[in-house]
Amino acid sequence: MIYMSNRKKSIGIIICDRYRTCAGGKCFRALRSREGAFNIYKGQEVELVGYTTCGGCPGGNVEYCVGEMKKNGVEVVHFATGFVVGYPPCPYIDHFCNLIKQKYGVDVIIGTHPIPRSYYVTHQALGTWDLPEWKEKIKHVLTDEQTRLKYN
């Protein structure tokens with residue numbers, strides 16, 4: 001899914017609550033440089049219209065925050081890379097994606113910044129992402145070694 005258009009794309013980012021103190025540095029850097037999941041917006045202007053946490057397990061804020069983002073024009077919600085690199089990865093991510101698409105009619109992308117090398121090495125050793133459904137979930141943020149090191 002590549003979003004090519006002459007008009008600005010309005011996006012929102014939801015981060016895992018275990019990283020609630022994150023200032024968003026890697027996400028914002030990746031957004032500026034169109035790396036990781038933000039690669040789909042290459043050559044396009046993007047406006048961030050919302051940034052919040054899921055609210056903590058089981059993600060009660062997800063049910064409501066997208067409604068607020070939608071008031072600001074959100075077209076795509078990105079779940080931050082922390083949802084798939086934290087351990088354990090979020091067990092609710094599929095439910096969140098389905099809820100947002102069904103309730104709000106908003107596109108959802110899993111991932112923001114590229115997976116940092118340290119997380120990549122750990123999850124490879126654990127076999128976390130060996131299943132086909134996980135390969136699909138991390139496809140937007142699985143990059144080359146050089147890029148993983150940049151985000152380490």
Side-chain angles (χ1 to χ4, degrees), residues 1 9-41 46-104 106-152:
M1 178 181 331
K9 182 61 74 175
S10 296
I11 68 165
I13 297 173
I14 300 175
I15 68 171
C16 174
D17 195 66
R18 67 181 138 187
Y19 305 116
R20 68 184 157 274
T21 60
C22 179
K26 289 177 184 170
C27 289
F28 298 141
R29 179 167 35 123
L31 180 57
R32 273 191 316 275
S33 61
R34 302 297 192 263
E35 292 180 316
F38 300 125
N39 183 50
I40 63 174
Y41 308 113
V46 175
E47 176 183 30
L48 180 65
V49 298
Y51 183 89
T52 190
T53 75
C54 65
C57 291
N61 193 40
V62 174
E63 188 174 352
Y64 307 103
C65 69
V66 179
E68 288 299 312
M69 290 181 187
K70 198 157 179 182
K71 290 176 186 175
N72 290 324
V74 78
E75 299 168 86
V76 182
V77 169
H78 283 260
F79 280 99
T81 301
F83 278 92
V84 294
V85 299
Y87 197 84
C90 179
Y92 304 106
I93 195 76
D94 292 331
H95 299 289
F96 296 158
C97 293
N98 292 335
L99 171 75
I100 291 169
K101 290 174 191 173
Q102 204 286 319
K103 185 172 182 175
Y104 296 105
V106 172
D107 288 335
V108 180
I109 303 287
I110 297 175
T112 49
H113 63 79
I115 295 172
R117 184 179 192 282
S118 59
Y119 287 99
Y120 178 78
V121 169
T122 299
H123 285 284
Q124 286 299 102
L126 292 170
T128 308
W129 303 321
D130 289 348
L131 297 174
E133 59 265 23
W134 276 103
K135 291 183 188 320
E136 178 65 21
K137 287 176 184 143
I138 65 171
K139 71 180 180 184
H140 293 295
V141 290
L142 187 60
T143 57
D144 59 82
E145 181 70 4
Q146 182 179 351
T147 305
R148 284 194 287 273
L149 285 167
K150 272 180 27 181
Y151 284 84
N152 217 15

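Position 1 is the first residue of the sequence, and the numbers go up from there. Basis for what follows: all heavy atoms, side chains included, without hydrogens, waters or symmetry-related copies.
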- With distance as the sole test, does E75 use its side chain to make a donor-acceptor pair with the main-chain N or O of S10 at under 3.5 Å? yes

- Query: Short question: side chain of N61, backbone of T53 - any donor-acceptor pair under 3.5 Å?
  - Reply: yes

As an exercise, state the distance from [atom1] of [X] to [atom2] of [Y], rounded to the nearest 0.5 Å.
X: T143; Y: H113; atom1: OG1; atom2: NE2; value: 10.5 Å
X: R117; Y: Q124; atom1: CZ; atom2: CD; value: 11.0 Å
X: D130; Y: K135; atom1: CG; atom2: NZ; value: 5.5 Å
X: L142; Y: T147; atom1: CG; atom2: OG1; value: 10.5 Å
X: H140; Y: F79; atom1: NE2; atom2: CZ; value: 13.5 Å

- Query: So which pairs with a foot in residues 77-89 pass side chain to side chain donor-acceptor pair (under 3.5 Å), sequence neighbours left out?
  - Reply: Y41-H78, T81-T112

- So side chain to side chain donor-acceptor pair (under 3.5 Å) across residues 91-102, not counting sequence neighbours, yields D94-K137

[X] and [Y]: which non-hydrogen atoms are nearest, and at how many Å?
X: I14; Y: C54; value: CG2-N, 3.8 Å
X: H123; Y: P89; value: CE1-CG, 4.2 Å
X: M69; Y: Y51; value: CE-N, 4.2 Å
X: R148; Y: I115; value: CG-O, 3.0 Å
X: V141; Y: G111; value: CG1-CA, 3.6 Å
X: C90; Y: F96; value: SG-CE1, 3.9 Å

Do [X] and [Y] come close enough that some side-chain heavy atom pair is under 4.5 Å?
X: V76; Y: I109; result: yes
X: K103; Y: E63; result: yes
X: I11; Y: E47; result: no
X: V46; Y: F38; result: no

- Task: Test side chain to side chain contact (heavy atoms under 4.5 Å, CB included) on V84 and I93 and set out the steps.
- Result: CA-CA 9 Å; V84 294; I93 195 76; 5.5 Å; no

- Query: Of all residues at least two apart in sequence or in a different chain, which pass the ring-ring contact (aromatic ring centres under 6.0 Å, His included) check with Y104?
  - Reply: none

- Message: Please enumerate all residues that pass ring-ring contact (aromatic ring centres under 6.0 Å, His included) together with Y120, with sequence neighbours excluded.
- Response: none

- Any pair counted as salt bridge (Lys or Arg N to Asp or Glu O under 4.0 Å), so long as it reaches residues 14-24, sequence neighbours left out: D17-R20

- By salt bridge (charged side-chain N to carboxylate O under 4.0 Å, His left out) - contacts of R29 (at least two apart): none

- Take E35 and K150 through the test side chain to side chain contact (heavy atoms under 4.5 Å, CB included) and record every step on the way to the result. CA-CA 11 Å; E35 292 180 316; K150 272 180 27 181; 2.6 Å; yes

- Task: Walk me through it: do I15 and T52 pass the test side chain to side chain contact (heavy atoms under 4.5 Å, CB included)?
- Result: CA-CA 6 Å; I15 68 171; T52 190; over 6 Å; no

- Query: If you count the non-hydrogen atoms of other residues, nucleotides and ligands that lie under 6.0 Å from CD in E145, is the total more than 12?
  - Reply: yes

- Message: Applying side chain to side chain contact (heavy atoms under 4.5 Å, CB included) to D107 and V77, what does each step give before you reach the verdict?
- Response: CA-CA 6 Å; D107 288 335; V77 169; over 6 Å; no

- Query: Is the distance between the ring centroids of Y119 and Y151 less than 6.0 Å?
  - Reply: no

